[in-house]
Q: 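One structure coming up, written as structure tokens, with questions to follow.
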Amino acid sequence: MTKTILITGASSGLGAEMAQQFARLGYDLALCARRTSRLDEVKAAILAAHPERRVEIRALDVLDDDQVFEVFRGFQADFGTIDRIIINAGLGKGAPLGTGRYDVNKQTAMTNFVAALVQTEAAMEIFRAQHAGHLVMVSSVSAMRGLPKSMTTYAATKAGVAHLAEGLRAELHGKPIKVTVLYPGYIASEMNDGVAAEQKLMVSTEKGVAAMVSAIEKEVGSACVPALPWAPLSLLMKHAPMPLFKKLI
Ligand SMILES: NC(=O)c1ccc[n+]([C@@H]2O[C@H](COP(=O)([O-])OP(=O)(O)OC[C@H]3O[C@@H](n4cnc5c(N)ncnc54)[C@H](OP(=O)(O)O)[C@@H]3O)[C@@H](O)[C@H]2O)c1
């Protein structure tokens with residue numbers, strides 16, 4: 001039987017590319033984000049390449065709690081079963097704390113952490129009722145350690161996301177509901193358009209997402225993606241003494 005994957009933040013970047021790559025693997029898709037015209041384009045591209053796939057789209061602002069539950073339940077009603085939910089919607093805004101930009105830090109905290117919590121609640125409701133499912137949460141290598149300046153809030157939100165996933169993994173160990181947390185390194189997307197040129201470790205969207213898809217398909221508990229250089233680098237980030245850490249970042 002064809003399996004279905006729900007992806008949030010599917011209108012661009014990693015979410016849109018995951019949709020393409022999972023369609024190629026034979027999955028049906030439930031895609032959501034705020035920009036529905038972009039979702040229409042993603043759907044059209046998938047159906048042009050894979051006319052046998054089923055793709056449903058819904059508008060979703062993850063900051064609207066009620067809408068998150070409505071959209072997730074709506075997709076479950078559409079497909080009957082949702083086999084995997086990928087909590088991917090996020091943003092990368094930020095400013096050094098205490099510099100008058102609480103607005104952007106709050107927006108990042110609400111979108112990346114509080115809205116990830118709401119999405120997790122809605123996803124787990126579905127999976128607990130089905131007694132099965134695979135929850136995937138998109139954290140970041142920036143979750144490995146507190147980061148300075150414009151990254152401080154973002155890194156804290158991604159550490160929070162990782163802890164939600166790890167807590168669920170501990171709860172659900174040995175049970176039919178699986179949980180994966182991904183720690184992507186730099187992968188080209190709209191979020192990091194501005195830094196792409198100067199970031200030597202950045203990989204293409206296709207390559208970075210292929211590493212994500214491979215880890216998700218294996219249902220690993222957690223993975224840095226791509227594994228190289230990020231698995232060893234993340235250990236260094238975690239454990240380096242502060243003078244070395246400051247040189248790395
Ligand atoms: N690219 C990287 O190097 C990298 C590294 C580590 C982690 N990540 C994580 O990967 C995830 C995807 O990011 P990306 O790099 O693909 O960036 P992106 O191209 O900017 O995509 C972000 C996605 O999130 C959605 N989104 C943002 N705010 C939303 C809201 N309020 N409601 C619903 N959807 C919302 C956007 O859709 P709409 O604007 O249409 O709503 C868009 O589809 C994020 O969680 C990010 O933190 C990325």
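We count ligands from 1, going down the list as the structure has it; atoms in each ligand are counted the same way.
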Q: If you compare all heavy atoms of L135 against all heavy atoms of A123, which two are closest, and at what distance to 0.1 Å?
A: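 In this case the closest contact between L135 and A123 is CD1-CB, 3.8 Å.
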Q: Which of these, A116, A89, S140, has its nearest heavy atom closest to atom 26 (N) of ligand 1?
A: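 Looking at heavy atoms only, A89 sits closest to atom 26 (N) of ligand 1.
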Q: Do E17 and K207 meet the salt-bridge criterion of a basic N to acidic O distance under 4.0 Å?
A: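 Answer for the salt bridge query: no.
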Q: Kindly confirm or rule out an N or O of I187 lying under 3.5 angstrom from an N or O of ligand 1.
A: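 Checking ligand 1 against I187, an N or O pair does fall under 3.5 Å apart.
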Q: Using a strict cut-off of 4.0 Å, indicate which atoms of ligand 1 neighbour a heavy atom of N192.
A: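 This gives 1 (N), 2 (C), 3 (O) as the contact atoms.
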Q: I need the atoms of ligand 1 closer than 4.0 Å to a non-hydrogen atom of L14, numbered in the order shown.
A: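 That gives atoms 10 (O), 14 (P), 15 (O), 16 (O), 48 (C) of ligand 1.
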Q: Measuring from non-hydrogen atoms of K158 to any atom of ligand 1, is the shortest distance under 4.0 Å?
A: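 Within the 4.0 Å threshold, so yes.
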Q: With a 4.0 Å cut-off on heavy atoms, is Y154 in contact with ligand 1?
A: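 Contact check Y154 vs ligand 1: positive.
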Q: Which protein non-hydrogen atom lies closest to atom 39 (O) of ligand 1, naming both residue and atom, and how far is it?
A: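 Among all protein heavy atoms, the one nearest atom 39 (O) of ligand 1 is R34 NH2, 2.9 Å.
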Q: Taking only Lys NZ, Arg NE, NH1 and NH2, and the carboxylate oxygens of Asp or Glu, determine whether D40 and R38 approach each other closer than 4.0 Å.
A: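 Salt bridge: no.
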Q: Looking only at N/O atoms, are L63 and ligand 1 under 3.5 Å apart anywhere?
A: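 No.
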Q: Looking only at non-hydrogen atoms, find the nearest pair between T111 and G90 and report the distance.
A: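 Closest heavy-atom pair between T111 and G90: CG2-CA, 4.2 Å.
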Q: Looking only at heavy atoms, what is the nearest atom pair of V181 and E166, with distance?
A: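 Looks like CG1-OE2, 3.6 Å.
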Q: Minimum distance, heavy atoms only, to atom 12 (C) of ligand 1: which one of V138, N88, V203 is it?
A: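 Checking each option, the heavy atom nearest atom 12 (C) of ligand 1 is found in N88.
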Q: Within the structure, does A188 bring an N/O atom to less than 3.5 angstrom of an N/O atom in ligand 1?
A: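 In this structure, A188 places no N or O atom under 3.5 Å from an N or O of ligand 1.
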Q: Output yes when the distance from some N or O of ligand 1 to some N or O of P184 is under 3.5 Å, and no in every other case.
A: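 Between P184 and ligand 1 (N or O atoms, distance only) the closest approach is not under 3.5 Å.
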Q: Who's the nearest protein heavy-atom neighbour of atom 33 (C) of ligand 1, and how far?
A: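 Residue, atom and distance for the closest contact: L60 O, 3.1 Å.
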Q: Kindly confirm or rule out an N or O of A33 lying under 3.5 angstrom from an N or O of ligand 1.
A: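 A33 vs ligand 1: no N/O contact under 3.5 Å.
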Q: Purely on distance, is any nitrogen or oxygen of S11 under 3.5 Å from one on ligand 1?
A: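 So ligand 1 has an N or O lying under 3.5 Å from an N or O of S11.
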Q: Test salt bridge (Lys or Arg N to Asp or Glu O under 4.0 Å) on E171 and R128; report intermediate values, then the result.
A: CA-CA 12 Å; E171 178 186 330; R128 287 188 201 278; 3.1 Å; yes
Q: Who's closest to atom 22 (C) of ligand 1 heavy-atom-wise, of G13, G90, A10?
A: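 Answer by nearest heavy atom: G90.
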Q: Taking only non-hydrogen atoms of G92, do any sit less than 4.0 angstrom from ligand 1?
A: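 In this structure, G92 fails to qualify as a contact of ligand 1 - no heavy atom is under 4.0 Å.
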Q: Between the candidates A143, A59, S12, which shows the shortest non-hydrogen contact distance to atom 42 (C) of ligand 1?
A: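 It is S12 whose heavy atom sits nearest to atom 42 (C) of ligand 1.
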Q: Show which atoms of ligand 1 fall inside a sub-4.0 Å distance from at least one heavy-atom site of E190.
A: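 Reading through ligand 1 atom by atom, the close ones are 19 (O), 20 (O).
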Q: Is there any ring-ring contact (aromatic ring centres under 6.0 Å, His included) pair reaching into residues 15-64, and which pairs are they, with sequence neighbours excluded?
A: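 Pairs touching residues 15-64 that pass the test: F22-Y27.
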Q: Applying side chain to side chain donor-acceptor pair (under 3.5 Å) as the test, list every pair that has at least one member in residues 64-74; sequence neighbours left out.
A: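 Only R73-E125 qualify under side chain to side chain donor-acceptor pair (under 3.5 Å).
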Q: Establish whether V141 and I249 are linked, either directly or via other cluster members, by ILVMFWY side-chain heavy-atom contacts under 4.5 Å.
A: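 Shared cluster, yes.
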Q: Quick check: is V71 connected to L31 through a chain of hydrophobic side chains (ILVMFWY, heavy atoms under 4.5 Å apart)?
A: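 No.
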Q: Examine the side chains of K238 and S234 and answer whether a donor and an acceptor come within less than 3.5 Å of each other.
A: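 No, because no side-chain N or O of K238 sits under 3.5 Å from a partner of the opposite role on S234.
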Q: Mind checking whether C32 has a heavy atom under 4.0 Å from ligand 1?
A: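 Heavy atoms of C32 never come under 4.0 Å of ligand 1.
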Q: Any idea which heavy atoms bring A33 and G9 closest together, and the distance?
A: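 Smallest interatomic distance, heavy atoms only, reads CB-CA, 4.3 Å.
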Q: Does S139 come within less than 4.0 Å of ligand 1, judged by its heavy atoms?
A: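 It does, in that a heavy atom of S139 comes within the 4.0 Å cut-off of ligand 1.
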Q: Run T2 and R54 through side-chain hydrogen bond (donor to acceptor under 3.5 Å, both in side chains) and show every step you take.
A: CA-CA 10 Å; T2 305; R54 178 173 177 196; over 6 Å; no
Q: Any N or O on N112 sitting closer than 3.5 Å to an N or O of ligand 1?
A: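 N/O-N/O distance below 3.5 Å does not exist for this pair.
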Q: Looking only at non-hydrogen atoms, find the nearest pair between I82 and F75 and report the distance.
A: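 Of all heavy-atom pairs spanning I82 and F75, the closest is CD1-O, 3.8 Å.
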Q: Would you mind running through ligand 1 and noting each atom that sits below 4.0 Å from a heavy atom of T111?
A: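 Per the distance check, 28 (N).
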Q: Taking only heavy atoms of Y186 into account, list the atoms of ligand 1 that are under 4.0 Å away from them.
A: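 Going through ligand 1 atom by atom, the ones under 4.0 Å from Y186 are 3 (O).
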